[in-house]
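Lettering follows sequence order; numbering is per chain, from 1.
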There are 2 protein chains.
Amino acid sequence: MERRPTITDVARHAGVSKGLVSLALNDRPGVNADTRARIRSAADDIGWRPNAAARSLTSRRTSALGLVVTRDPSIIETDPFFAAFIAGLEAVLSERGQVLVLSVVPDADAEERTYRTLAGDGRVDGFIITDLRRADPRVALVAELGSVAVTLGEPDVPSPFPAVRREYEHGIDDLVHYLADLGHTRIAHVAGNDDMLHGHARREQFERTAEALGVRAVVTPTDFSPEAGASATEDLLGTDPRDRPTAIVYGNDPMAIAGMAVAQRLGFRVPDDVSISGLDGSQIGRHVYPALTTLDNDPAEWGRVVAATLLDLVDGKDPVDRTLTPARLIVRGSTGAPLRNPA
Amino acid sequence: MERRPTITDVARHAGVSKGLVSLALNDRPGVNADTRARIRSAADDIGWRPNAAARSLTSRRTSALGLVVTRDPSIIETDPFFAAFIAGLEAVLSERGQVLVLSVVPDADAEERTYRTLAGDGRVDGFIITDLRRADPRVALVAELGSVAVTLGEPDVPSPFPAVRREYEHGIDDLVHYLADLGHTRIAHVAGNDDMLHGHARREQFERTAEALGVRAVVTPTDFSPEAGASATEDLLGTDPRDRPTAIVYGNDPMAIAGMAVAQRLGFRVPDDVSISGLDGSQIGRHVYPALTTLDNDPAEWGRVVAATLLDLVDGKDPVDRTLTPARLIVRGSTGAPLRNPA
DNA sequence: TTGAAAGCGCTAACAA
DNA sequence: TTGTTAGCGCTTTCAA
């Protein structure tokens with residue numbers, strides 16, 4: 001097996017010193033243009049690529065970003081966010097010669113261990129913190145580890161790190177208004193994990209708007225899993241018809257899909273007997289019947305902006321918060337006016 | 001900002017040479033038990049962790065595995081396989097101190113570039129090759145790059161690498177038998193990408209079994225996207241009732257869900273007017289109405305076995321192919337006997 | 001069983 | 001503008 005060419009091989013081929021090769025190939029100033037070109041073609045000729053480990057050892061940069069996803073294995077599969085989010089990250093990372101180190105861990109203990117390992121072993125230059133929780137320990141942990149991060153959303157703890165956020169309040173406001181305008185007076189919210197900041201904020205906004213409109217609101221917190229969405233729906237629809245909600249807003253699309261299935265199995269027509277809405281968007285929501293009303297999110301946009309923000313931070317630029325375009329209400333067939341006489 | 005402790009710090013604390021620290025902490029023989037214990041506690045005291053780059057430079061091991069996923073961004077989001085697959089990989093990797101470098105790329109060009117970058121820069125010790133295609137160039141590419149890989153399934157090109165496979169043929173056979181036994185005589189298959197080996201193999205097995213049973217089979221190849229599943233379904237159900245299939249088997253669950261929605265929108269009852277089956281399993285399939293008949297796959301099991309196989313290979317053990325438990329038919333509400341007089 | 005020294009491939013001083 | 005020389009933090013000889 002032939003040895004991979006090193007910078008010394010390039011230097012020999014180009015008839016220069018390896019120090020100069022390093023300068024030339026890293027686009028540093030102070031190299032004669034001809035020499036630079038000669039070095040470059042020598043490198044191409046022998047197919048040289050800088051070794052990441054060697055470079056990292058001196059530059060103290062790994063050119064890698066860490067994403068640690070903490071989700072129960074059964075929930076991660078149905079979460080429509082991550083795949084597109086990662087594709088968005090990747091679009092920026094590959095362009096800038098960076099890689100993504102991904103971990104999927106089952107619980108908070110494994111999560112902390114993974115952060116410590118990734119930072120302690122010097123494997124990544126920074127972290128992407130998703131699914132912020134209340135009093136999230138990860139912000140302080142990353143700081144303690146001497147690393148940096150970007151958070152998706154604004155943490156409720158002091159954070160030295162830039163945040164990327166999307167305005168969701170108006171979207172929820174629009175959604176509840178839209179349902180109230182259709183004539184719904186009892187609207188349930190099968191909320192996501194209330195310990196997660198985004199789940200919590202959406203629930204609060206839902207309650208605020210419902211109260212402002214004089215709509216009767218019932219909130220059931222869950223864990224974002226379709227199972228939980230299904231069982232919450234059974235409870236809601238099993239109540240006395242006079243108390244029963246005529247519209248249900250779910251914390252994410254998979255729960256909404258599961259809830260819609262329960263409603264249909266119990267003989268409720270959607271949307272005539274009960275209107276169903278997701279939150280957070282998804283591709284599959286367009287393809288169920290009836291198609292799911294939801295609030296759009298654009299996971300790929302999240303990914304692109306988060307990656308760019310974190311790379312700038314790692315490059316020593318001043319951290320700047322970024323705000324994405326607000327979530328927009330997408331009305332599809334799963335919501336409509338409530339029928340006077342339910343089946 | 002305080003400097004991270006190095007092996008020299010540990011050596012000083014323990015009063016030994018750094019060479020000995022290396023031997024002791026890597027469980028190499030020839031170190032006095034007391035000394036080893038002393039070194040270990042010194043390392044713990046000052047919180048030392050070996051730097052991955054430095055270690056990689058001498059050991060020529062990165063302790064990282066590469067996974068390059070080539071999917072159109074719109075399809076990756078709905079694919080139920082990857083999230084759980086990655087969680088399965090991770091379960092093994094974290095236990096063995098390895099990390100996963102993940103890339104999501106849009107097309108074959110970006111794919112090749114990514115393999116070259118990851119291997120050329122010495123960022124990973126080996127690759128995980130999913131979604132094998134016909135005459136897949138990646139097997140030769142990885143070999144050319146001097147790296148190693150594990151393939152999910154058996155490539156149709158000569159491969160020096162171990163393969164992990166799951167027996168799918170019997171499951172498909174069972175599924176078609178099951179449908180034929182219910183009385184279906186016209187069964188369509190909305191197949192996945194026919195350029196992908198698993199999609200192709202499943203289609204062939206479907207056709208073989210259908211022919212053996214004297215069932216009329218119609219096959220539509222697609223790209224695995226829910227959109228394609230939906231439009232294929234419109235075509236199939238728009239035909240003359242005497243030609244119309246009474247059962248449709250989709251290449252994956254998202255397509256089946258989209259197809260079921262189309263059927264329902266067109267006024268077909270599922271399963272009375274048309275039976276719907278997925279393939280490949282998914283969590284969300286349990287939570288649509290009616291729940292989706294499918295063939296189970298266990299992405300997490302794939303992940304665990306693939307990771308273990310690749311790590312063994314990287315460790316220099318002889319490559320051994322592994323075969324997972326066969327895919328099993330899971331009958332749910334979306335399939336049933338065809339009604340004599342369709343609506 | 002331990003220490004000393006060399007070197008992995010690169011970057012970054014500093015000289016020339 | 002270019003060459004020389006030290007390291008970065010670790011593993012691995014080779015001596016002692």
Side-chain angles (χ1 to χ4, degrees), chain A residues 1-40 42-43 46-64 97 119-123 125 146 315, chain B residues 1-40 42-43 46-64 97 119-123 125 146 315:
Chain A
M1 194 136 311
E2 70 279 40
R3 198 175 47 83
R4 240 180 253 300
T6 74
I7 199 170
T8 309
D9 300 319
V10 178
R12 182 154 14 84
H13 266 253
V16 295
S17 72
K18 61 187 189 135
L20 197 56
V21 173
S22 177
L23 291 183
L25 264 21
N26 285 316
D27 290 321
R28 310 303 264 290
V31 181
N32 181 286
D34 289 355
T35 316
R36 195 190 293 272
R38 190 154 43 87
I39 291 174
R40 213 166 252 153
I46 65 176
W48 176 78
R49 312 222 30 158
N51 177 279
R55 173 174 272 183
S56 156
L57 203 51
T58 42
S59 71
R60 320 207 130 269
R61 285 282 301 273
T62 62
S63 298
D121 297 358
R123 282 198 171 271
D125 296 327
D315 281 345
Chain B
M1 196 137 304
E2 70 280 38
R3 200 176 44 84
R4 242 178 252 301
T6 75
I7 199 171
T8 308
D9 300 319
V10 178
R12 182 154 14 86
H13 266 254
V16 296
S17 71
K18 60 190 189 133
L20 196 57
V21 173
S22 177
L23 292 183
L25 263 20
N26 286 314
D27 290 323
R28 310 302 266 290
V31 181
N32 180 287
D34 288 355
T35 315
R36 193 187 296 270
R38 191 153 44 86
I39 291 173
R40 213 166 253 153
I46 65 176
W48 177 77
R49 312 220 31 155
N51 176 279
R55 173 174 272 182
S56 157
L57 202 52
T58 40
S59 70
R60 321 209 127 268
R61 286 282 301 274
T62 63
S63 299
D121 297 357
R123 282 198 171 271
D125 297 326
D315 282 344

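Put simply, NZ on A:Lys18 is 13 Å from P on D:dG3, counting in whole angstrom units. In this structure, A:Ile39 places its CD1 atom 7 Å from P of D:dT2, rounding to the nearest Å. What separates CD1 of A:Ile7 from P of C:dA12 is a distance of 11 Å, to the nearest Å. One atom, CZ of B:Arg12, and another, C1' of C:dA4, lie 17 Å apart when rounded to the nearest Å. One atom, CG of A:Asn51, and another, P of D:dG9, lie 17 Å apart when rounded to the nearest Å. Look at CG on B:Leu57: it is 17 Å from P on D:dG7, rounded to the nearest Å. Rounded to an integer number of Å, the gap from B:Asp121 CG to C:dG9 C1' is 13 Å. What separates CG of B:Leu23 from P of D:dC14 is a distance of 14 Å, to the nearest Å.
Of the candidate nucleotides C:dT11, D:dG3, D:dC10, D:dC10 has the atom nearest to the side chain of B:Ala54. Out of C:dT11, C:dC10, C:dT1, the shortest distance to the side chain of B:Asn32 is found at C:dT1. Comparing D:dC10, C:dC10, C:dT1 by their nearest atom to the side chain of B:Thr35 picks out C:dT1.
Close to D:dT11, at under 4.0 Å from its OP1 or OP2, lies no side-chain N or O of B:Arg61. Of the side-chain N and O atoms in B:Thr6, none sit less than 4.0 angstrom from OP1 or OP2 of D:dG9. Residue A:Asn26 places at least one side-chain N or O under 4.0 Å from the OP1 or OP2 atom of C:dT11. At the phosphate of C:dA12, OP1 or OP2 sits under 4.0 Å from a side-chain N or O atom of A:Arg28. Distances shorter than 4.0 Å separate some side-chain N or O of B:Arg55 from OP1 or OP2 on D:dT11. One finds no side-chain N or O of A:Thr58 lying less than 4.0 angstrom from the OP1 or OP2 phosphate oxygen of C:dC10. Applying the 4.0 Å criterion to OP1 and OP2 of C:dG9, one finds that B:Arg60 has a side-chain N or O inside that range.
Residues B:Ser63 and A:Arg123 are in side-chain contact: their nearest non-hydrogen atoms beyond the backbone lie under 4.5 Å apart. At least one side-chain heavy atom of B:Trp48 sits less than 4.5 Å from a side-chain heavy atom of B:Ile7. Residues A:Leu25 and A:Arg40 are in side-chain contact: their nearest non-hydrogen atoms beyond the backbone lie under 4.5 Å apart.
Taking the charged nitrogens against the carboxylate oxygens, B:Asp9 and B:Arg4 have no contact shorter than 4.0 Å, which rules out a salt bridge.
Looking at B:Arg55 and B:Asn26, their side chains do bring a donor and an acceptor atom within 3.5 Å of each other.
At a threshold of 4.0 angstrom between heavy atoms, the contacts of B:Arg49 are confined to the sugar-phosphate backbone, with no base atom among them.
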